[in-house]
Amino acid sequence: MRPKLDPNGLQKTKAWEYLVRFVFGGVITALAGLAAKSWGPVIGGLFLAFPAILPASLTLVSQHDGRRRAIDAARGGRLGSLGLMAFAGVVWMTATRWPPVAVLVAATIAWMAIDGVLWAIRYGRKEQGS
Amino acid sequence: MLAELAVRFILGGLIVSLFSVTGELWKPKTFSGIFGAAPSVALASLALTFAKQGPPVVALLARSMVIGSVALYAYGAACVFATKQESWPVWLAALSSWLAWFAAAAAGLGASAALGARP
């Protein structure tokens, strides 16, 4: 099976749920900045991969679609961390050599590519017919 | 300082929301869940750091982010396990799994320091 676009997914989400995600994301980004300022980039960098949004997302998925789907979303998050490693690795290797926009675009492409390929390997066949 | 925090809050909130909405457009959930581990906080933070502190600091942040990503895998594994426990509400399972992230991040940082990789 291939991932499919499902615009109906957006209709399940209420305005306050978007607000929760906005606030979670904003607070964690601000805290990551504070951590880097207070303790330096070595500690601050850790928080760039902090699972800021996952608790809110999984809770909302469980409310809308049930626990089983929430477990699936957690599996997706676990797999997504591997793409995030690729993102971080690309930034680490290229930050001082390439222009900033090229660094961030290349890293984002690496994230998408790694996660897409790994998802196809891990779940592409398994989810056939589901 | 406050102005910078406000910019981080707004930019981070917007990018996280954008990835979140994008994730909801896809099914199955194993695929849409990938967007929960999107580099949303990282994109906002790294873009601002490029502008304010320059590429060497970005490289340092990214090196630690590799460790943070390994910790995120630990979080994901703990979260899958905890969410499967029917007696736990999902919100508690997902929030308590943060402990796995902190433990793995601390262990990774310690291992990195022991190997002499820390600046």
> Shared ILVMFWY cluster between Val16(B) and Tyr18(A), side chains joined below 4.5 angstrom?
Replying inline: yes

> By a 4.5 Å heavy-atom criterion (distance strictly below it), what part of Ala74(B) contacts chain A: side chain, backbone, both, or neither?
Replying inline: neither

>> Heavy-atom pairs under 4.5 Å with chain A: which of Pro56(B), Pro89(B), Ala93(B), Gly36(B) has the most?
In response: Gly36(B)

>> Quick one, Val91(A) with Leu61(B), criterion side chain to side chain contact (heavy atoms under 4.5 Å, CB included). Give me CA distance, side-chain angles, the key distance, then yes/no.
In response: CA-CA 9 Å; Val91(A) 174; Leu61(B) 284 169; over 6 Å; no

> What part of Leu31(A) is in contact with chain B, defined as an atom under 4.5 angstrom from a non-hydrogen atom: side chain, backbone, both or neither?
Replying inline: neither

> Using non-hydrogen atoms only, which part of Ala47(B) is less than 4.5 Å away from chain A: side chain, backbone, both, or neither?
Replying inline: both

> Of the non-hydrogen atoms in Ala37(B) and Leu84(A), which two are nearest, and what is the gap between them?
Replying inline: O-CD1, 3.6 Å

>> Please determine whether side chain to side chain contact (heavy atoms under 4.5 Å, CB included) holds for the pair Val41(B) and Phe50(A), giving the CA-CA distance in whole Å, both sets of side-chain angles, and the decisive distance to 0.1 Å.
In response: CA-CA 8 Å; Val41(B) 171; Phe50(A) 186 75; over 6 Å; no

> With respect to chain B, which residue among Gly40(A), Ala74(A), Pro41(A), Ala107(A) yields the maximal number of heavy-atom pairs within a distance under 4.5 Å?
Replying inline: Pro41(A)

>> So which residue, Ala62(B), Pro39(B), Ala94(B), ends up with the most heavy-atom pairs under 4.5 Å with chain A?
In response: Pro39(B)

>> Please evaluate residues Phe87(A) and Leu43(B) with respect to the criterion side chain to side chain contact (heavy atoms under 4.5 Å, CB included), reporting the C-alpha separation (whole Å), side-chain torsions for both, the decisive distance (0.1 Å), and the verdict.
In response: CA-CA 10 Å; Phe87(A) 176 96; Leu43(B) 278 171; 4.0 Å; yes

>> Ring-plane angle category for Trp111(A) and Phe35(B), please: parallel below 30°, perpendicular beyond 60°, tilted otherwise.
In response: perpendicular

>> For Ser69(B) versus Ser81(A), what's the shortest heavy-atom pair and its separation?
In response: O-CB, 3.7 Å

> Can you find a pair of side-chain heavy atoms, one from Phe24(A) and one from Ser17(B), that are under 4.5 Å apart?
Replying inline: no

> For Val42(A), does its backbone N or O pair with a side-chain atom of Ser64(B) as donor and acceptor, under 3.5 Å?
Replying inline: yes

>> What part of Val103(A) gets within 4.5 angstrom of chain B, counting heavy atoms only: side chain, backbone, both, or neither?
In response: side chain

> Quick check: does any side chain N or O of Trp98(B) sit under 3.5 Å from a backbone N or O of Pro51(A), one acting as donor and the other as acceptor?
Replying inline: yes

> At a heavy-atom separation under 4.5 Å, does Val70(B) approach chain A through its side chain, its backbone, both, or neither?
Replying inline: both

>> Looking at every heavy atom in both Val58(B) and Ala95(A), which two are closest together, and how far apart are they?
In response: CG1-CB, 3.9 Å

> With a 4.5 angstrom heavy-atom cut-off, which part of Val61(A) approaches chain B: side chain, backbone, both or neither?
Replying inline: side chain

>> Tell me whether Met85(A) shares a hydrophobic cluster with Leu48(A), the cluster being built from Ile, Leu, Val, Met, Phe, Trp, Tyr side chains joined at under 4.5 Å.
In response: yes

>> Using 0.5 Å steps for rounding, measure from the CG atom of Leu60(A) to the CD atom of Glu24(B).
In response: 7.5 Å

> Where on Glu86(B) is there a heavy atom nearer than 4.5 Å to chain A: the side chain, the backbone, both, or neither?
Replying inline: both

>> Quick check: closest heavy atoms across Ala59(B) and Trp92(A), and the distance to 0.1 Å?
In response: O-CD1, 3.7 Å

>> Between Pro3(A), Gly116(A), Gly83(A), Gly80(A), who has the most heavy-atom pairs with chain B when the cutoff is under 4.5 Å?
In response: Pro3(A)

> Can Phe102(B) be reached from Ile28(A) by stepping across I, L, V, M, F, W or Y side chains whose heavy atoms are under 4.5 Å apart?
Replying inline: yes

> By a 4.5 Å heavy-atom criterion (distance strictly below it), what part of Leu14(B) contacts chain A: side chain, backbone, both, or neither?
Replying inline: both

> Heavy-atom distance under 4.5 Å to chain A: side chain of Ser32(B), backbone, both or neither?
Replying inline: neither

> Can Arg75(A) and Thr30(B) be counted as having a side-chain donor-acceptor contact under 3.5 angstrom?
Replying inline: no

> Where does Tyr73(B) contact chain A at under 4.5 Å (heavy atoms): side chain, backbone, both or neither?
Replying inline: both

> Does any heavy atom of chain A fall under 4.5 Å from the side chain of Ala71(B), the backbone, both, or neither of them?
Replying inline: neither

>> Between Leu5(A), Thr96(A), Thr59(A), who has the most heavy-atom pairs with chain B when the cutoff is under 4.5 Å?
In response: Leu5(A)

> Between Arg67(A) (side chain) and Thr83(B) (backbone), is there a donor-acceptor pair under 3.5 Å?
Replying inline: yes

> Considering residues at least two apart in sequence or located in another chain, which fulfil the salt bridge (charged side-chain N to carboxylate O under 4.0 Å, His left out) criterion with Asp65(A)?
Replying inline: Lys12(A), Lys29(B)

> Looking at Leu79(A), Thr108(A), Leu34(A), which one has more heavy-atom pairs under 4.5 Å with chain B than the rest?
Replying inline: Leu34(A)

> Got a sec: does the CZ of Phe81(B) have more than 12 other heavy atoms crowding it under 6.0 Å?
Replying inline: no

>> Does the plane of the ring in Phe47(A) sit parallel, tilted or perpendicular to the ring in Trp101(B)? Use 30° and 60° as the thresholds.
In response: tilted

> What closest approach, in Å, do Gly68(B) and Ala49(A) show between heavy atoms, and which atom pair accounts for it?
Replying inline: C-CB, 3.3 Å

>> Run Leu54(A) and Cys79(B) through side chain to side chain contact (heavy atoms under 4.5 Å, CB included) and show every step you take.
In response: CA-CA 9 Å; Leu54(A) 272 166; Cys79(B) 204; over 6 Å; no

> Do you know which of Ala78(B), Ala77(B), Ala44(B) has the most heavy-atom pairs under 4.5 Å to chain A?
Replying inline: Ala77(B)

>> Quick check: is Val21(B) connected to Trp16(A) through a chain of hydrophobic side chains (ILVMFWY, heavy atoms under 4.5 Å apart)?
In response: yes

>> Tell me the closest heavy-atom pair linking Val90(B) and Ala70(A), and the distance in Å.
In response: CG1-CB, 4.3 Å

>> Measuring from atom CZ of Arg68(A) to atom NZ of Lys84(B), what distance do you get when rounded to the nearest 0.5 angstrom?
In response: 11.5 Å

> Is there a path of hydrophobic side-chain contacts, each under 4.5 Å between heavy atoms of I, L, V, M, F, W or Y residues, that connects Val27(A) with Leu18(B)?
Replying inline: no

> Under 4.5 Å between any side-chain heavy atoms of Thr29(A) and Ile15(B), yes or no?
Replying inline: no

